[in-house]
A.B. asks: 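Take a look at the following structure, please.
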Amino acid sequence: MSSEQLTIASLTDRVKSVAVGAPVSAVHFLGERAAFVCAEEKVAIADATGEISHVVVHSGAILCTASDGKRVVTGGDDGRLVALNAKGETSVLATDAKRRWIDNVALHLDGAFAWSAGKTAFVRGGKGEEKTFDAPSTVGGLAFAPKGLRVAVAHYNGVTLWFPNMAAKPEFLEWAGSHLAVTFSPDNKFLVTAMHEPALHGWRLADNRHMRMSGYPGRVRSMSWSAGGKGLATSGADSVIIWPFASKDGPMGKEPAMLAPLQARVSMVACHPKQDIMAAGYSDGTVLIVRLEDGAEILVRRNGSEPVSALAWNAKGTLLAFGTEDGDAGMLEF
């Protein structure tokens with residue numbers, strides 16, 4: 001245990017260990033149960049007591065995952081898109097005709113879902129109709145806008161805003177470089193991408209004005225909006241970087257907050273759904289809960305393992321789950 005961790009409050013004795021038995025790539029909550037997505041083949045579903053069941057969802061690597069709280073949808077290198085519900089039941093939503101890898105997936109609250117294989121993005125609406133869009137290069141990320149059926153398709157040199165149900169021409173937001181993960185702000189005013197280089201790029205959607213967010217020592221692999229969308233918490237540095245989005249200009253001309261510094265790089269972030277607190281995971285296995293107002297910290301997991309690779313709160317904010325690259329996992333109930 002580091003000297004830093006000895007000086008802060010701890011909840012480590014309240015964490016229930018979960019025997020996932022494989023590297024964890026993501027975690028989502030289905031009600032009060034946590035679905036730990038493994039790097040290959042299976043998902044482990046656990047409750048707050050640590051009781052666990054394993055469900056096979058793919059025949060190989062699991063490449064992407066998303067959840068709307070009712071189902072977890074995964075894409076794999078077997079060319080299949082699979083949905084898993086809270087009962088542990090699976091259904092195949094789509095199979096790529098060419099058996100290409102399913103690289104990205106996104107879910108809409110109305111039941112629509114999007115996925116990509118190579119340069120092609122697909123959307124299937126709640127009534128089952130399917131639309132496709134061919135991006136100029138391999139799709140790096142997908143996201144649904146919080147209002148209306150609009151999909152952000154990230155790719156090389158920018159993002160395309162696609163309206164699957166409209167005849168309107170897709171809108172192209174240009175910025176040189178490789179754009180990967182993409183996210184809309186909860187108020188639908190901003191769009192942000194994590195880039196292949198150690199930086200974020202964004203656009204104010206009212207006028208497509210650029211927003212450059214740089215200074216990271218490493219790539220940003222995790223982003224999470226705070227409750228109400230006032231800030232965007234990110235990984236990629238030895239502290240959590242939180243960019244301000246409360247004003248109409250977003251982070252333009254403003255410095256980010258830097259919270260919870262450690263002698264390790266932040267690998268995952270997950271903001272609480274209702275309160276101004278967040279969970280942060282680090283490259284040395286540490287997990288902290290951090291108050292956004294003043295940076296006060298509570299230790300959830302001590303260092304000494306592989307990087308934290310998954311973090312999530314349940315919808316009520318009463319449960320926190322984490323997983324690591326070496327298969328260690330746990331749940332904390334408040």
Side-chain angles (χ1 to χ4, degrees), residues 25-26 37 39 58 60-67 73-81 94 96 98-108 112-124 131-146 149-164 170-185 188 190-205 208 210-214 216 218-225 232-236 241 243 267-269 309-310:
S25 61
V37 181
H58 291 278
I62 301 174
L63 305 177
C64 57
T65 175
S67 178
V73 178
T74 57
D77 66 359
D78 56 4
R80 300 193 309 160
L81 192 70
D96 189 73
K98 301 177 182 178
R99 293 286 177 172
R100 294 173 296 178
W101 293 4
I102 307 298
D103 301 309
N104 298 281
V105 61
L107 304 183
H108 194 286
F113 54 93
W115 72 99
S116 69
K119 297 180 180 180
T120 306
F122 304 81
V123 167
R124 189 176 298 169
K131 306 289 179 64
T132 63
F133 169 76
D134 288 324
S137 59
T138 300
V139 176
L142 294 170
F144 279 104
L149 192 66
R150 178 169 61 165
V151 183
V153 182
H155 47 75
Y156 192 74
N157 283 343
V159 175
T160 299
L161 297 180
W162 173 36
F163 300 84
E171 181 181 359
F172 178 46
L173 304 177
E174 186 176 8
W175 186 263
S178 182
H179 298 260
L180 304 175
V182 58
T183 179
F184 285 91
S185 62
N188 208 38
F190 304 97
L191 184 73
V192 179
T193 62
M195 302 193 68
H196 187 270
E197 62 185 275
L200 303 179
H201 193 78
W203 294 264
R204 184 170 62 185
L205 295 176
N208 294 345
H210 294 286
M211 301 180 298
R212 187 69 172 158
M213 291 158 276
S214 58
Y216 292 90
R219 274 175 56 187
V220 177
R221 300 179 184 273
S222 179
M223 301 184 288
S224 180
W225 292 98
L232 180 63
T234 64
S235 67
I241 307 299
W243 296 95
S267 56
M268 292 297 301
V269 290
S309 51

A.B. asks: What's the shortest heavy-atom distance between Arg150 and Leu205, and which atoms?
C.D. replies: NH2-CD1, 3.9 Å
A.B. asks: How many angstroms lie between CZ in Phe133 and OG1 in Thr160, if you round to the nearest 0.5 Å?
C.D. replies: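 Reported to 0.5 Å precision, the distance equals 4.0 Å.
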A.B. asks: Does any non-hydrogen side-chain atom of Ile102 lie less than 4.5 Å from one of Leu63?
C.D. replies: no
A.B. asks: Give me the atom names and distance for the closest heavy-atom approach of Val151 to Pro164.
C.D. replies: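 Smallest heavy-atom distance, with atoms named: CG2-CG, 4.1 Å.
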A.B. asks: Under 3.5 Å, is there a donor-acceptor pair between the side chain of Ser222 and the main chain of Ser235?
C.D. replies: no
A.B. asks: Spell out, as yes or no, whether a donor-acceptor pair under 3.5 Å connects the side chain of Asp134 to the backbone of Thr120.
C.D. replies: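 Looks like no, no N/O pair under 3.5 Å.
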A.B. asks: For the side chain of Arg100 and the backbone of Ala117, is there at least one donor-acceptor N/O pair under 3.5 Å apart?
C.D. replies: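 Side chain of Arg100 to backbone of Ala117, a donor-acceptor pair under 3.5 Å: yes, one is there.
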A.B. asks: Does the ring center of Trp203 lie less than 6.0 Å from the ring center of His179?
C.D. replies: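 Yes - the distance between ring centres of Trp203 and His179 falls below the 6.0 Å cut-off.
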A.B. asks: If you round to the nearest 0.5 Å, how far is NE2 of His210 from CZ of Arg204?
C.D. replies: 12.0 Å
A.B. asks: Which heavy atom of Leu149 sits nearest a heavy atom of Phe144, and at what distance?
C.D. replies: CD1-CE2, 3.6 Å
A.B. asks: Can you tell me how far apart CG (Asn208) and CG (Leu161) are? Round to the nearest 0.5 Å.
C.D. replies: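 Atom-to-atom, Asn208:CG and Leu161:CG are 7.5 Å apart.
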A.B. asks: To the nearest 0.5 Å, what is the distance between NE2 (His196) and OH (Tyr156)?
C.D. replies: 10.5 Å
A.B. asks: Does Ala61 offer a backbone N or O that forms a donor-acceptor pair with the side chain of Asp77 under 3.5 Å?
C.D. replies: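 Yes; judged by distance alone, with no hydrogens or angles, the pair exists.
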A.B. asks: Applying the side chain to side chain contact (heavy atoms under 4.5 Å, CB included) criterion to Ser224, which one of Val269, Thr183, Thr234, Leu232 satisfies it?
C.D. replies: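 The side chain to side chain contact (heavy atoms under 4.5 Å, CB included) with Ser224 is passed solely by Val269 among Val269, Thr183, Thr234, Leu232.
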A.B. asks: Run Val153 and Val159 through side-chain contact (heavy atoms from CB on, under 4.5 Å) and show every step you take.
C.D. replies: CA-CA 5 Å; Val153 182; Val159 175; 5.6 Å; no
A.B. asks: With side chains defined as the heavy atoms from C-beta onward, is the minimum distance between Arg212 and His201 less than 4.5 Å?
C.D. replies: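 Yes - at least one pair of side-chain heavy atoms lies under 4.5 Å apart.
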A.B. asks: Look up atom NE2 in His58 and atom CG in Leu81, then write down how far apart they are to the nearest 0.5 Å.
C.D. replies: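 Between His58 NE2 and Leu81 CG, I get 7.0 Å after rounding to 0.5 Å.
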A.B. asks: Over all heavy atoms of both residues, which pair between Pro146 and Ser185 is shortest? Give the atoms and the distance, please.
C.D. replies: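 Looks like CG-O, 3.6 Å.
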A.B. asks: Where do Leu180 and Arg219 land on the side-chain contact (heavy atoms from CB on, under 4.5 Å) test, with the steps shown first?
C.D. replies: CA-CA 10 Å; Leu180 304 175; Arg219 274 175 56 187; 3.2 Å; yes
A.B. asks: Indicate the atoms forming the closest heavy-atom contact of Gly218 with Pro198, along with that distance.
C.D. replies: O-CB, 3.3 Å
A.B. asks: Using a 3.5 Å distance criterion without hydrogens, assess whether the side chain of Asp103 forms a donor-acceptor pair with backbone atoms of Gly140.
C.D. replies: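 No; judged by distance alone, with no hydrogens or angles, the pair does not exist.
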A.B. asks: Measure the spacing between CZ of Phe190 and CH2 of Trp225 and express it to the nearest 0.5 Å.
C.D. replies: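 Phe190 CZ to Trp225 CH2: 7.5 Å, rounded to 0.5 Å.
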A.B. asks: Could you pull out the closest heavy-atom pair between Ser137 and Lys119, with the gap in Å?
C.D. replies: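 Closest approach of Ser137 to Lys119, heavy atoms only: C-CG, 3.5 Å.
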A.B. asks: Quick check: do Met223 and Leu200 have side-chain heavy atoms less than 4.5 Å from each other?
C.D. replies: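 Yes, at least one pair of side-chain atoms sits under 4.5 Å.
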A.B. asks: Kindly determine whether Trp162 and Leu142 satisfy side-chain contact (heavy atoms from CB on, under 4.5 Å), including the steps that lead there.
C.D. replies: CA-CA 11 Å; Trp162 173 36; Leu142 294 170; over 6 Å; no
A.B. asks: With heavy-atom distances below 4.5 Å as the criterion, would you say the side chains of Arg124 and Trp115 are in contact?
C.D. replies: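 Counting from C-beta outward, Arg124 and Trp115 do come under 4.5 Å.
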A.B. asks: For Trp175 and Met195: C-alpha separation, side-chain torsions, deciding distance, then whether side-chain contact (heavy atoms from CB on, under 4.5 Å) applies.
C.D. replies: CA-CA 10 Å; Trp175 186 263; Met195 302 193 68; 4.0 Å; yes
